[in-house]
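So the structure is just underneath, and the comments pick up after that.
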Protein chains: 2
Amino acid sequence: MNNLTQTFKALSDQNRLRIIVTLMEYDELCACQFTELLGIAGATVSRHLGVLHNAGLVQSRKDGRWIFYSLSNTAASCRPVLDWIREEARSCPEVKEDMARLSKILACNPEEICRKQRTGA
Amino acid sequence: MNNLTQTFKALSDQNRLRIIVTLMEYDELCACQFTELLGIAGATVSRHLGVLHNAGLVQSRKDGRWIFYSLSNTAASCRPVLDWIREEARSCPEVKEDMARLSKILACNPEEICRKQRTGA
DNA sequence: GTAACATTTAGTTGCTTAGCTAATTATAGT
DNA sequence: ACTATAATTAGCTAAGCAACTAAATGTTAC
């Protein structure tokens with residue numbers, strides 16, 4: 001039962017849902033790209049990703065200084081829920097905006113993104 | 001998107017999940033029966049039911065002094081999630097205990113339950 | 001080695017929420 | 001009308017959590 005509540009808790013935050021929905025469209029993104037997308041502090045993004053990871057929804061892969069996140073393979077058990085989210089998210093304007101914004105973000109490489117975040121440009 | 005997070009927030013509490021799972025097995029229960037089942041204050045149960053109602057997951061029917069709750073008809077949109085919960089809940093010992101306890105509770109009529117709660121017997 | 005840098009962890013703050021008791025509302029029975 | 005009673009609402013407290021800044025960790029490049 002704790003599994004269930006933990007999963008729902010992980011999904012009951014708008015920013016975390018945005019992460020999940022984004023990962024349904026783009027296989028893999030690094031932390032700085034989420035930071036850019038969500039417009040909140042990197043540390044906060046890191047915590048959100050940690051919550052999703054603890055709930056078994058997301059997995060990470062380290063590549064040098066970057067850490068890439070993707071939907072967890074072991075999240076298969078809650079696939080129906082993820083499918084439902086995807087379906088419902090279709091009609092959310094926030095999600096559409098995210099997708100539009102993300103295509104711009106992905107036009108730059110991660111290094112540029114991070115530099116932009118540092119310099120605050 | 002708020003719909004989504006609201007739904008997940010409503011489902012991310014153990015006691016509320018127990019209510020939902022119970023309503024999948026028993027069409028309709030009154031507030032005092034949930035109070036007996038969950039073993040928490042009636043006021044708290046009322047608030048939980050309110051949260052589920054606001055999320056559109058539960059509907060209520062007034063019959064005299066009693067208010068009976070059931071899964072909402074309009075909850076059809078999140079049917080996949082409810083189905084998933086039901087499936088996952090099968091293996092939860094808490095749920096099995098609840099079901100066992102509930103059959104005892106239902107052996108009495110609501111009036112008896114409520115009296116028991118008042119007198120604390 | 002050390003300087004730059006991507007991410008996480010620590011520590012703080014303000015808001016939300018689950019729980020309680022007490023008060024209020026609405027109904028039933030006398 | 002009055003009392004009892006099922007449920008909700010109000011008001012409180014303690015715990016949990018999302019956000020931030022600053023410090024720590026681990027990695028790349030000189």
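All of these numbers come straight from a predicted model, not from anything done at the bench.
Ranking D:dT8, C:dA26, D:dA19 by closeness to the A:I40 side chain, first place goes to D:dA19. Nearest nucleotide to the side chain of B:T44, out of C:dT7, D:dA19, C:dC20: C:dC20. Side-chain proximity of A:N15 to the nucleotides D:dT21, D:dA19, C:dA22 is greatest for D:dA19. Closest to the side chain of A:Y69, from the set C:dT7, C:dA18, C:dT8, is C:dT8.
Regarding A:R18, its CZ atom lies at a distance of 15 Å from the P atom of D:dA18, rounded to whole Å. The CG atom of B:N54 sits 15 Å away from the C1' atom of C:dT16 (whole-angstrom rounding). Taking atom NE2 of A:H53 as the reference point, atom P of C:dT7 lies 16 Å away to the nearest angstrom. If you take CH2 of A:W66 and C1' of D:dA29, they are 11 Å apart, rounded to a whole angstrom. Atoms CD1 (A:I67) and C1' (C:dT8) sit 8 Å apart, rounded to a whole Å. Atom pair B:Q33:CD and D:dA6:P shows a separation of 12 Å (rounding to whole Å applied). A:F68 places its CZ atom 14 Å from the C1' atom of D:dT27, with the value rounded to the nearest Å. For the pair B:I19 CD1 and C:dG19 C1', the interatomic distance rounds to 14 Å; values are reported in whole Å.
Shown are A:E87, A:E88, A:E94; of these, the salt bridge (charged side-chain N to carboxylate O under 4.0 Å, His left out) with A:R90 is made only by A:E87.
Put simply, the side chain of B:R18 never gets that close to the backbone of B:D98: no donor and acceptor are under 3.5 Å apart. Here the side chain of B:W84 pairs a donor or acceptor atom with the backbone of A:S77 at under 3.5 angstrom. Between the side chain of A:Q33 and the backbone N or O of A:C30, at least one donor-acceptor pair lies under 3.5 Å.
When all heavy atoms are compared, the tightest approach of B:T22 to B:L37 is OG1-CD2, 3.6 Å. Considering all non-hydrogen atoms of both residues, A:Y69 and A:V58 come closest at CD2-CG1, 3.4 Å.
Taking only side-chain nitrogens and oxygens, B:S46 never comes nearer than 4.0 Å to OP1 or OP2 of D:dA7. For the OP1/OP2 pair of C:dT25 and a distance below 4.0 Å, the side-chain nitrogens and oxygens of B:R65 include no atom meeting the criterion. Proximity of A:K62 to the phosphate of D:dT27: a side-chain N or O atom is located under 4.0 Å from OP1 or OP2. The phosphate of D:dT9 (OP1 or OP2) has no side-chain N or O of B:R47 nearer than 4.0 angstrom. Side-chain nitrogen and oxygen atoms of B:H48 include at least one within less than 4.0 Å of the OP1 or OP2 phosphate oxygen of C:dG19.
For the helix from C:dG1-D:dC30 to C:dT30-D:dA1, the angle separating the two terminal helix axes comes to 30°, with each axis derived from five pairs and the value rounded to 10°.
Closest-nucleotide positions on DNA chain D for B:L49 and A:K9 were compared, and the one nearer the 5' end corresponds to B:L49. Remark on DNA chain D: of its neighbouring residues A:G64 and A:G39, the 5'-side contact belongs to A:G39, judged by nearest-heavy-atom nucleotide.
The stretch residues 43-64 of chain A participates, sequence neighbours left out, in these salt bridge (charged side-chain N to carboxylate O under 4.0 Å, His left out) pairs: A:E28-A:R61.
Under the 4.5 Å side-chain heavy-atom criterion for grouping Ile, Leu, Val, Met, Phe, Trp and Tyr, A:V51 is not connected to A:V21 through any hydrophobic cluster.
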